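Here's the structure we're looking at; comments come further down.
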Amino acid sequence: MEKKAYLLFSGGLDSILAAKLLKRMGFKVTGVHVTSPFFERDTEALKELAEKLGIELKVVEAGEDYLEMLKSPVYGYGKNINPCIDCKAYMLGKLKEIAENGAVIATGEVLGQRPMSQHLQAFRQIEKLSGLKGKVLRPLSGKLLPPTVYEEEGLIKREEMLDLKGRSRKRYPEILKELEVNLENLPTPAGGCLLTEPSYAKKVKDLMEHGELNWENVKLLKLGRHFRIGECKLIVGRNREENRRIEELAGREDFLLTVPGIPSPTALLKCRGEPDPKVLRTAAAIVARYSDAKEMDRVSVSVKRDGKLIKSLEVKPLFEVEKFSVTA
Ligand code: SF4
């Protein structure tokens with residue numbers, strides 16, 4: 001009977017090595033890549049990589065349940081707002097849903113490589129949370145870890161696995177050679193995890209504090225400068241491309257602000273309910289401050305909603321923006 005393995009596949013070096021090792025152990029490998037706006041990789045590069053490695057690839061999008069988990073992870077956050085243990089368990093849960101009965105579930109995790117999620121206790125917590133106790137094969141460190149059910153059942157042998165440990169990559173050239181991996185021929189799907197970045201984490205926390213954490217709002221976090229004015233959120237584009245994206249992502253209830261006839265950002269104002277006129281004026285003054293008219297005493301800012309001009313506001317550009325800034 002064909003041996004099958006489902007591998008959590010980020011496209012990073014360790015998942016490449018794990019895929020090759022599992023193949024050498026006689027498995028037909030399916031790489032499962034979980035994606036979300038928080039940790040996006042180039043899917044085309046991932047597909048090409050999987051093809052070159054001779055494995056199948058399945059891409060799964062993180063759903064609303066990921067956001068629920070992010071609000072209160074059982075094992076808390078790392079340095080920023082990265083809930084690594086719960087996140088890994090979430091991803092393995094997705095893999096479990098996909099995996100066929102009797103298939104091995106595996107990751108490219110290395111013991112002791114990452115402080116929060118890659119030590120023995122964390123491995124146990126991840127398995128417990130995902131309902132996969134003793135069922136997660138970590139072949140890169142397999143020789144150093146307690147036996148999994150697969151080993152107990154005789155499906156794999158301890159000596160077929162590696163004994164990688166810690167952050168050092170000293171042994172990697174030798175292992176790459178042994179597994180016949182030539183990195184020069186492989187695409188590298190770039191991308192890290194935004195939840196580990198301090199200023200991005202502040203923006204996520206702001207959404208949480210205001211009960212606005214949903215995927216629609218998360219998609220806006222990568223764009224522009226973010227301000228909180230009363231019950232409204234203002235996102236000010238930093239360049240032409242961001243202005244275009246902001247305009248595209250504006251909902252029918254949102255406001256779009258700009259300084260007409262002058263190089264100026266496009267800004268999106270999202271409010272819960274109708275905004276106080278003072279909030280609109282502050283938003284307009286911030287937009288004026290980032291326009292080419294910032295040295296002028298009075299600037300006319302247009303406010304549109306659902307494609308229609310609803311107001312023109314005469315404002316003085318506001319320079320003291322820190323108290324409104326979400327990332328300050
Ligand atoms: S770094 Fe990001 S993607 Fe990786 S486990 Fe942590 S939260 Fe998840």
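All of these numbers come straight from a predicted model, not from anything done at the bench. Just so you know, ligand 1 is whichever comes first in the structure, and atom 1 is the first atom listed for that ligand.
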Is the closest basic N to carboxylate O distance between Glu212 and Arg272 below 4.0 Å?
yes
Provide the protein N, O or S atoms situated under 2.8 Å from atom 2 (Fe) of ligand 1; waters are not included.
Cys193 SG
Using distance alone, with no hydrogens and no angle criterion, decide if Ser312 and Ser302 have a side-chain donor and acceptor under 3.5 Å apart.
no
Any protein heavy atom < 4.0 Å from atom 5 (S) of ligand 1
yes
Answer yes or no: is there an ion pair linking Arg305 with Glu274, defined by an N-O contact shorter than 4.0 Å?
yes
Angle between ring planes, Trp215 versus Phe38, binned at 30° and 60°: parallel, tilted or perpendicular?
tilted
With distance as the sole criterion, is a donor-acceptor pair present between the side chains of Asn82 and Tyr77 under 3.5 Å?
no
Side-chain donor-acceptor contact under 3.5 Å, Tyr172 with Asp14:
yes
